[in-house]
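For reference, the structure is listed below as structure tokens.
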Protein chains: 2
Amino acid sequence: MKDFNHSVTHYFKQEAEQSIHYLSIDCVVFGFHEGRIRVLLLRWKGTSEWSLPGGFIRKAESVDAAAVRILRERTGLQQIFLQQFHIFGDAVRYNQEDTWQRIGLPVDLSKWSERTISLGYYALVEYAEVTPRPDLLTDACDWWSLEDLPNLLFDHNRIIAVALENLRRQLPYQPVSHLLPETFTMPELQRLYETILGRPLDARNFYKKVQASGILQRTDERRKGTPYKSPYLYRFDPGVYPEVVREGSLSFP
Amino acid sequence: MKDFNHSVTHYFKQEAEQSIHYLSIDCVVFGFHEGRIRVLLLRWKGTSEWSLPGGFIRKAESVDAAAVRILRERTGLQQIFLQQFHIFGDAVRYNQEDTWQRIGLPVDLSKWSERTISLGYYALVEYAEVTPRPDLLTDACDWWSLEDLPNLLFDHNRIIAVALENLRRQLPYQPVSHLLPETFTMPELQRLYETILGRPLDARNFYKKVQASGILQRTDERRKGTPYKSPYLYRFDPGVYPEVVREGSLSFP
DNA sequence: CCAAAAGTGTTGTAGATACACCCATGC
DNA sequence: GCATGGGTGTATCTACAACACTTTTGG
């Protein structure tokens with residue numbers, strides 16, 4: 001325990017020296033598994049309180065690089081699709097006293113800085129490729145389904161809501177391919193779109209529109225081991241999909 | 001001149017004390033006049049170099065409030081519609097040596113900070129309501145047409161390009177009413193949409209769609225003093241327009 | 001053989017496109 | 001009266017929504 005106190009103190013001292021004050025990054029890592037959108041959360045050591053992964057920006061590091069570094073440490077992924085979506089810059093973002101109490105850290109974080117401006121990023125990652133890893137301050141890193149999130153620390157419930165709202169609005173411009181494995185079935189892709197948009201889509205019309213857009217290649221294989229009729233496996237066409245994303249030309253009104 | 005040197009030094013000293021380091025705000029103020037989109041630019045004292053209006057965030061001030069304060073000083077407007085659109089956070093955003101030389105300031109800005117992360121905001125304002133005012137470091141504040149921008153200081157040409165791209169993409173969700181006077185004609189509104197979207201729209205279909213959306217009230221007056229047929233004057237329906245903006249339901253595919 | 005999901009056709013309708021035409025006004 | 005832009009009507013076509021039906025597979 002004394003060791004822990006010492007390393008936490010050391011961590012914040014080091015961050016204070018090499019990182020930019022008043023500024024932090026919070027990352028909403030979106031994954032997709034069993035028909036649900038998931039986000040990666042961390043549980044703070046010795047508590048049952050959860051928060052988003054985040055961190056600070058080194059003085060000579062680009063903001064995007066900082067977000068990549070933070071998520072690499074949390075997920076083990078080398079390549080990560082990231083999108084900045086909002087600046088959370090209110091002078092008072094949450095009840096600080098209450099938060100410090102819930103975290104119960106040995107160091108007084110209120111001295112770290114009076115307020116923090118947070119740059120919100122969301123990531124789209126392939127659920128199965130992630131190996132969640134907690135950091136120094138946390139002892140668990142797990143996927144949570146969007147529908148049953150706990151009451152998070154800081155203003156992180158709001159950050160997730162804003163991230164989802166942004167993802168929804170900009171869906172035609174976002175490479176959702178990152179949320180799926182190399183090959184996947186058409187119903188899986190439809191489920192993904194339905195979950196993000198929050199409303200059902202007509203299967204027939206979805207098939208037609210997706211096929212007309214040309215973003216998919218149908219493989220000769222079918223998904224085995226499932227009950228009922230085995231669906232074809234598709235992959236994104238790397239010669240077509242990026243262009244469709246850039247133009248934002250695949251949308252579901 | 002000695003007075004100027006002194007006040008500039010004082011300005012930066014004060015900012016260094018009361019503002020957040022490494023962080024700044026840059027504002028792209030969009031106006032619409034004579035069928036063209038304009039942006040507000042400042043000319044640095046004793047030079048012919050232009051840049052966007054910008055400033056710093058006070059330690060206990062919300063980021064949005066800082067942007068409002070900065071623009072209030074530059075435009076004289078009390079109410080300003082603002083939208084954050086991007087974080088410019090590369091470790092090296094522009095050639096610093098070249099820039100300091102072009103600005104030719106008495107103080108060495110390179111000591112102010114090694115790098116700056118800039119929060120990009122754009123504003124939609126009513127051209128005629130703005131009284132452009134330069135600040136301490138500049139001796140002119142003027143509207144420039146988007147088509148013939150000069151080579152700006154810092155990475156401000158890129159910032160404007162990104163702002164416009166964001167405005168374009170999110171047009172259905174943005175209250176363009178702020179870009180127009182209280183009353184305006186249908187062709188003027190069409191010109192605005194065409195200019196932002198960068199492509200012509202069919203007048204008949206534009207009329208039909210706008211009228212069907214219900215966002216406009218037609219007044220009994222017509223614009224006088226114009227050559228040719230005098231067009232009706234419209235105003236935005238405050239009971240309908242905000243809802244249409246929130247839903248993003250008025251778009252031109 | 002039955003239940004459940006995958007995959008394909010068809011049709012009516014709403015909205016977009018592409019026109020054509022008349023109206024009002026200044027010169 | 002003529003050039004120019006404002007304002008309205010309509011035919012055509014495309015794209016979407018809403019269906020029904022067949023196919024495949026595990027139990």
Side-chain angles (χ1 to χ4, degrees), chain A residues 32-36 171-172 180-181 183-195 197-235 244 247-253, chain B residues 32-36 171-172 180-181 183-235 240 244 247-253:
Chain A
F32 186 67
H33 185 59
E34 291 178 346
R36 283 159 181 254
L171 189 51
L180 293 170
T183 60
F184 50 90
T185 71
M186 195 64 96
E188 281 161 11
L189 181 64
Q190 184 184 342
R191 223 63 69 219
L192 175 57
Y193 269 91
E194 287 179 334
T195 315
L197 292 173
R199 59 191 160 87
L201 298 170
D202 180 89
R204 183 73 196 97
N205 300 327
F206 184 83
Y207 275 57
K208 274 190 291 192
K209 195 154 196 170
V210 169
Q211 263 154 3
S213 75
I215 61 170
L216 295 189
Q217 301 169 333
R218 189 163 89 173
T219 70
D220 294 332
E221 292 164 272
R222 288 154 173 269
R223 168 135 305 163
K224 290 164 195 166
T226 64
Y228 319 122
K229 182 169 175 176
S230 54
Y232 286 105
L233 286 170
Y234 292 81
R235 66 161 49 86
V244 170
E247 302 287 330
S249 42
L250 182 62
S251 63
F252 297 91
Chain B
F32 186 67
H33 184 59
E34 291 179 346
R36 284 161 180 252
L171 189 50
L180 292 170
T183 60
F184 51 89
T185 70
M186 195 65 95
E188 281 162 10
L189 181 64
Q190 185 184 341
R191 222 64 69 219
L192 174 58
Y193 270 90
E194 288 179 332
T195 315
I196 295 176
L197 293 172
R199 59 191 159 87
L201 298 170
D202 181 89
R204 184 74 197 96
N205 300 326
F206 183 84
Y207 274 58
K208 274 192 291 193
K209 195 152 195 171
V210 169
Q211 263 155 5
S213 76
I215 61 170
L216 296 189
Q217 301 169 332
R218 189 163 88 173
T219 70
D220 293 332
E221 293 164 271
R222 290 155 172 265
R223 168 133 304 162
K224 291 164 195 167
T226 64
Y228 320 122
K229 182 168 176 176
S230 55
Y232 286 104
L233 286 169
Y234 293 81
R235 65 163 48 88
V240 178
V244 170
E247 301 287 330
S249 42
L250 181 61
S251 62
F252 297 91

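We use all heavy atoms of the structure for the numbers below, so side chains are in, but hydrogens, waters and symmetry mates are not. This one's a predicted model, so the numbers in the text were calculated from it and none came from an experiment. Lettering follows sequence order; numbering is per chain, from 1.
Contacts of residues 227-234 of chain A with DNA chain C (heavy atom under 4.0 Å): A:Y228, A:K229, A:P231, A:Y232. Of the residues in residues 206-218 of chain B, B:Y207, B:K208, B:R218 come within less than 4.0 Å of DNA chain D through at least one heavy atom, sorted by number.
Heavy-atom minimum distance, A:R235 versus A:T183: NH2-CG2, 3.8 Å. Residues B:V240 and B:S213 approach most closely at CG1-O, 3.8 Å, considering heavy atoms.
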Discussion item. Side chain to side chain contact (heavy atoms under 4.5 Å, CB included), that's the test. Do A:K208 and A:V210 meet it? Break it down for me.
Written reply: CA-CA 6 Å; A:K208 274 190 291 192; A:V210 169; over 6 Å; no
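Taking atom CZ on A:R199 and atom C1' on D:dA17, their separation rounds to 13 Å, with Å as the unit. Whole-Å rounding puts the B:E188 CD to D:dG6 P distance at 9 Å. Taking atom CG of B:N205 as the reference point, atom P of D:dG7 lies 16 Å away to the nearest angstrom. Atom P of nucleotide D:dC19 and atom CZ of A:R204 are separated by 16 Å, given to the nearest angstrom.
For the helix from C:dC1-D:dG27 to C:dC27-D:dG1, the terminal axes (five pairs an end, C1' atoms, rotation from four pairs onto the next four) enclose an angle of 0°, given to 10 degrees.
Between B:M186 and B:Q190 the shortest side-chain heavy-atom distance does not fall below 4.5 Å. By the 4.5 Å heavy-atom criterion applied to side chains, B:Q211 and B:Y234 are counted as neighbours. Residues B:S249 and B:V244 meet the side-chain proximity criterion, which asks for heavy atoms closer than 4.5 Å. Taking the side chain as every heavy atom from C-beta outward, A:T226 and A:T185 never approach each other to under 4.5 Å. Put simply, the side chain of A:T195 does not reach to within 4.5 Å of the side chain of A:R36, judged on heavy atoms.
Although no hydrogens or angles enter the test, the distance criterion places a donor-acceptor pair under 3.5 Å between the side chain of A:T219 and the main chain of A:L233.
In this structure, A:L192 CG and A:L171 CG are separated by 8.0 Å, a value rounded to the nearest 0.5 Å. B:R191 contributes atom CZ, which lies 12.5 Å from atom CG of B:L180 (distance to the nearest 0.5 angstrom).
For residues 215-224 of chain B, the set of pairs meeting the salt bridge (charged side-chain N to carboxylate O under 4.0 Å, His left out) definition, not counting sequence neighbours, comprises B:E188-B:R223. Every pair passing ring pair (Phe, Tyr, Trp, His ring centres under 6.0 Å) that includes a residue from residues 198-230 of chain A is listed here, sequence neighbours excluded: A:Y193-A:F206, A:F206-A:F252.
On the nucleic acid side, DNA chain C contacts chain B at distances under 4.0 Å to non-hydrogen atoms, with the end points of that region at C:dA16 to C:dG26.
Ranked by how close their nearest DNA chain D nucleotide is to the 5' end, B:R191 and A:D202 are led by B:R191.
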